[in-house]
Peer 1: 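Pasting a structure below so you can have a look.
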Amino acid sequence: MATDKETLKCLIIGSGPAGYTAAVYAARANMDPVLYTGPEPGGQLMITTDVENYPGYPDGIMGPQMMEDFRKQAERFGTDVRYEKITKVDLSGPVHKAWTESGEEILAHSVIISTGASAKWLGLESEKRLTNKGVSACAVCDGFFFRGKEVAVVGGGDTAAEEALYLSKLCPTVHLLVRRDEMRASKIMQERVLKTENIKVHWHTETEEILGDEEVSGMRVVNNQTQERTEIPISGFFVAIGHKPNTDIFKDWLDMDGTGYLITKPKSTKTNIEGVFASGDAQDNVYRQAVTAAGTGCMAALDAERYLTEAGII
Ligand SMILES: Cc1cc2nc3c(=O)[nH]c(=O)nc-3n(C[C@H](O)[C@H](O)[C@H](O)COP(=O)(O)OP(=O)(O)OC[C@H]3O[C@@H](n4cnc5c(N)ncnc54)[C@H](O)[C@@H]3O)c2cc1C
């Protein structure tokens, strides 16, 4: 069956590592992908400096340069990159519909969702000013830069526990700032944290200010019971209070967990709707890395290609 001229074979939503990798594979499989970049062309890595853990860049690479390379590679094979946001979808199918901010209706036989996630921040002015200068939301990404230095992690959930444990293997002391007198993290994670000698838990503690001009040099914390303020010297400040997947527009259609992460079938990127696939941080609350996002972007394009082939569309 030849594809209707008005109906795209493959719509990709999002332009981070997942979306652009899906585009490379889809374009090379003759799926003529159209990719909508959304509000952050290039995704989360556009706001970082050095990326040192993406394979293939032995000297590291700046995040924005890396995403420029991703885009160029996707365009080289014919991906149509459009700089707009998708604001609404109707996935009642078999042909899926989406609408752009400017009201254009798009029809697509397959849809790859790679809308990513956003880290939650505390909202302090100093946090914003010192982002990438000692303030981070990813220990796996940035912990290495703080080897042998004192750091702090904010948060009381599983993510904070994981970040603190990861950093405890690199740093002499990890100050874990917990707002309440207990952690929300699972019991096993709490036990691991409390058993780790170089993790110092500060209960009932909130951050008032991150200190430093050019880079982080310390933090001022306040005990929310006694109001006592303390300044602690640190070099790295890791915010681990959760992420929000950018999946609101799919909530009427797709299965998601309580936080909004899209649920995919085991060993695939298939969602609960035929022809709709999810990749990257929008469906991954565990690894959250550029390389894993790219990996699932590849999987989504391969899953979409098989779907279109079985449906006789390509
Ligand atoms: C500061 C920082 C530093 C990091 N450093 C590293 C690192 O060193 N190494 C590493 O591996 N990982 C790092 N990460 C994590 C990495 O950036 C993410 O895991 C990765 O970017 C996820 O890729 P993604 O394609 O799933 O989504 P994202 O990169 O989050 O991209 C999502 C895309 O979806 C688009 N979008 C959202 N909503 C819509 C919509 N409605 N319509 C159309 N498009 C939409 C956005 O515009 C964006 O282009 C870092 C993250 C941050 C925040």
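Any value given below was found using the heavy atoms of this structure, including those in side chains, with hydrogens, waters and symmetry copies removed. Order of appearance sets the numbers: ligands from 1, and atoms from 1 within every ligand. Numbering starts at 1 and runs along the sequence shown. Every value quoted in this text rests on a predicted model; they were computed, and no experiment measured them.
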Peer 1: In sequence, state the C-alpha distance, the side-chain angles, and the governing distance for Glu68 and Arg71, and then conclude on salt bridge (Lys or Arg N to Asp or Glu O under 4.0 Å).
Peer 2: CA-CA 5 Å; Glu68 167 93 1; Arg71 181 184 56 73; 3.2 Å; yes
Peer 1: Name all pairs fulfilling the side-chain hydrogen bond (donor to acceptor under 3.5 Å, both in side chains) condition that reach into residues 144-158, sequence neighbours left out, sorted by first residue then second.
Peer 2: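 Applying side-chain hydrogen bond (donor to acceptor under 3.5 Å, both in side chains) to every pair that reaches into residues 144-158, excluding sequence neighbours, yields Glu150-Thr173, Glu150-His175, Asp158-Ser186.
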Peer 1: What does the contact table look like for ligand 1 (nitrogen or oxygen on each side, cut-off under 3.5 Å)?
Peer 2:
residue	atom	partner	partner atom	Å
ligand 1	9 (N)	Asn53	OD1	2.8
ligand 1	9 (N)	Asn53	ND2	3.4
ligand 1	11 (O)	Gln289	OE1	3.0
ligand 1	11 (O)	Ala290	N	2.8
ligand 1	12 (N)	Ala290	N	3.4
ligand 1	19 (O)	Asp281	OD1	3.2
ligand 1	19 (O)	Asp281	OD2	3.0
ligand 1	19 (O)	Arg288	O	3.1
ligand 1	19 (O)	Gln289	N	3.4
ligand 1	25 (O)	Pro17	N	3.2
ligand 1	25 (O)	Ala18	N	2.9
ligand 1	26 (O)	Asp281	N	2.8
ligand 1	29 (O)	Gln44	N	3.0
ligand 1	30 (O)	Gln44	NE2	2.8
ligand 1	34 (O)	Ser114	O	3.4
ligand 1	34 (O)	Thr115	O	3.4
ligand 1	41 (N)	Ile86	O	2.9
ligand 1	42 (N)	Ile86	N	2.9
ligand 1	44 (N)	Gly38	N	3.4
ligand 1	47 (O)	Thr37	O	2.8
ligand 1	47 (O)	Pro39	N	3.3
ligand 1	47 (O)	Glu40	N	2.8
ligand 1	47 (O)	Glu40	O	3.2
ligand 1	49 (O)	Ser15	N	3.1
ligand 1	49 (O)	Ser15	OG	2.8
ligand 1	49 (O)	Thr37	O	3.1
ligand 1	49 (O)	Glu40	O	2.7

Peer 1: Can you confirm whether the side chains of Asn224 and Glu206 place a donor and an acceptor under 3.5 Å from each other?
Peer 2: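 Short answer, yes.
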Peer 1: Please indicate whether Tyr83 has more than 12 foreign heavy atoms, meaning atoms of other residues, nucleotides or ligands, lying under 6.0 Å from its OH.
Peer 2: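 Atom OH in Tyr83 is crowded, with more than 12 foreign heavy atoms closer than 6.0 Å.
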Peer 1: Scan residues 28-80 for pairs that pass ring-ring contact (aromatic ring centres under 6.0 Å, His included), counting only residues two or more places apart or in two chains.
Peer 2: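 Sorted result for residues 28-80: Tyr54-Phe70.
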Peer 1: Considering residues at least two apart in sequence or located in another chain, which fulfil the side-chain contact (heavy atoms from CB on, under 4.5 Å) criterion with Asn132?
Peer 2: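 Asn132 satisfies side-chain contact (heavy atoms from CB on, under 4.5 Å) with Thr48, Thr49 only.
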